[in-house]
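Structure, as structure tokens:
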Amino acid sequence: MNILVLNCGSSSIKYQLFDMRDKSVLAKGLVHRVGMAGSKIDHKKGDKGDKVTVSSEILDHKDGIKKVLDLLVSKENGVIKSLNEIKAVGHRVVHGGEKFAGSVLIDQEVLDAVKECVNFAPLHNPPNLKGIEAVLELMPNVKQAGVFDTAFHQTMPSKAFLYALPYMFYEKEKIRRYGFHGTSHRFVSKRASEMLKIPYERSKIITCHLGNGCSIAAVQGGVSVDTSMGHTPLEGLVMGTRCGDIDPAIILHIMKKHELTPQELDNLLNKHSGVQGISGESNDLRDLEEGWPNRSERANLALDVYAYRIRKYIGAYIAVMNGCDALAFTAGVGENSPIIRELACKNLDFLGIKIDMDLNNKTWRGVEGDISTPDAKVRTLVVGTNEELVIAEDTFDLIEGRLDPKTGKPKRK
Ligand code: ADP
């Protein structure tokens, strides 16, 4: 039983084909520059196969998906004989609003609901929808599932998700904290409880997803009780180019003083802030860490602000959950940056977080492990995230009837 996972961005399509018998990756790849000059597909057979690059004009998402399907069945680079071997397609969908607290099978009602959420995620939901619609046309008989970034956080209590604005904004316009990276927080918190051999239903775990976008979540008893991203993925931690938490009055001040349009402000906060904004050098932590701490004063400052914000949230979430069994670092930076983990865990020994520098320095590039000192009350873990696998598993469980197709809740036996 093969399942294709699609993650359609505004100008890219990430794909992975899974064989669900052993959850192995048959093929994976990335379509670059959809609808632009210089489009190409980087394609790999298996998880670790050699990359082949196919340059070709890719007009739009439908064209891109069609070319991916052609590749999957092609003589030279293919891994299946016919498209009939793909039983279902699972899509990453960024924003599900308050409508989706789990993964669902896609029908017209779901499509309409995802369209209603476009307002909340104008950059993300439209390409996600294009992917779903393209598959509807290209493989009309294949079942499709939607797996939402926001769904895992729908368990947050109102005290965590409400902003202190006039209540009308929540009631009428649904302005509230939604949180993102839910698929990753769910996978990583579950994996952390398995690594520690504690029941997920009784665990208290703080998950730190540090990639291009960064967010942190408090996961208590297997459900999200708070997370740092908000109504949009701009709030919370400092990111590569996004500012994270900021005094909202600063935005008004800058807007007036520099006569910026909403679009220009959006650009400033989303694309020119974060560690890029502070360092003036790069949005990539790898660059800023090179030569650390002797690279430059502003690179150090960017790393300090980045790590300090993480540390503040860790303290806050220990307070939220009245304790913590494990702190789990994941995604590009979380899995690969001993420097950020060291800086973020500084001064937390009072709360029971102590990392072993040797273990920390040895744990990166796909190595999973516990990097705490033996006496640390809270275990600090490095966990590889795998959002694509979660999407494939949910899709599989939906089509096999283990999850309710409308709510994504496990069906009672
Ligand atoms: P995305 O959020 O797009 O899924 P990733 O989780 O792969 O991306 O994270 C990408 C980020 O990870 C890059 O911006 C880079 O800063 C960071 N990164 C990758 N490898 C390292 C490393 N060895 N050291 C520090 N940061 C790294």
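Numbers for residues simply follow the sequence, beginning at 1. All ligand and atom numbering here is 1-based and tracks the order in the structure.
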Checking the N or O distance criterion of under 3.5 Å, is ligand 1 in contact with Gly332? yes

Per side-chain contact (heavy atoms from CB on, under 4.5 Å), Asn283 is matched among Met239, Gln276, Lys271 by Gln276

With a 4.0 Å cut-off on N to O distance, would you call Asp325 and Arg379 a salt bridge? no

Check whether any N or O atom of Asn212, backbone or side chain, sits under 3.5 Å from an N or O atom of ligand 1, and answer yes or no. yes

re atom 16 (O) of ligand 1, the protein heavy-atom contact at minimum distance is Asp284 OD1, 2.9 Å

Give me the residue, atom name and distance of the protein heavy atom closest to atom 4 (O) of ligand 1. Lys14 NZ, 4.4 Å

Show the atom names and distances, to 0.1 Å, of all donor-acceptor pairs under 3.5 Å that link a side chain in residues 289-299 to residues at least two apart or in another chain.
residue: Glu289; atom: OE2; partner: Ser337; partner atom: OG; Å: 2.4
residue: Arg295; atom: NE; partner: Glu281; partner atom: OE1; Å: 2.6
residue: Arg295; atom: NE; partner: Asp287; partner atom: O; Å: 3.4
residue: Arg295; atom: NH1; partner: Asp287; partner atom: O; Å: 2.6
residue: Arg295; atom: NH2; partner: Glu281; partner atom: OE1; Å: 2.9
residue: Ser296; atom: OG; partner: Glu281; partner atom: OE2; Å: 2.6
residue: Ser296; atom: OG; partner: Ala299; partner atom: N; Å: 3.1
residue: Arg298; atom: NE; partner: Ile278; partner atom: O; Å: 2.7
residue: Arg298; atom: NH2; partner: Ile278; partner atom: O; Å: 3.3
residue: Arg298; atom: NH2; partner: Ser279; partner atom: O; Å: 3.4

Identify the closest protein heavy atom to atom 23 (N) of ligand 1: which residue and atom is it, and at what distance? Asn336 CB, 3.4 Å

Pairwise side-chain hydrogen bond (donor to acceptor under 3.5 Å, both in side chains) hits with a residue in residues 395-406, at least two apart: Asp107-Lys406, Asp397-Arg402, Asp404-Thr407

Quick one: look up the protein heavy atom nearest atom 17 (C) of ligand 1 and list residue, atom name and how far away it is. Val333 CG2, 3.5 Å

May I ask you to test the Cys208-Tyr313 pair for a side-chain heavy-atom distance under 4.5 Å? no

Any idea which protein heavy atom is nearest atom 21 (C) of ligand 1, and the distance to it? Arg286 CG, 3.4 Å

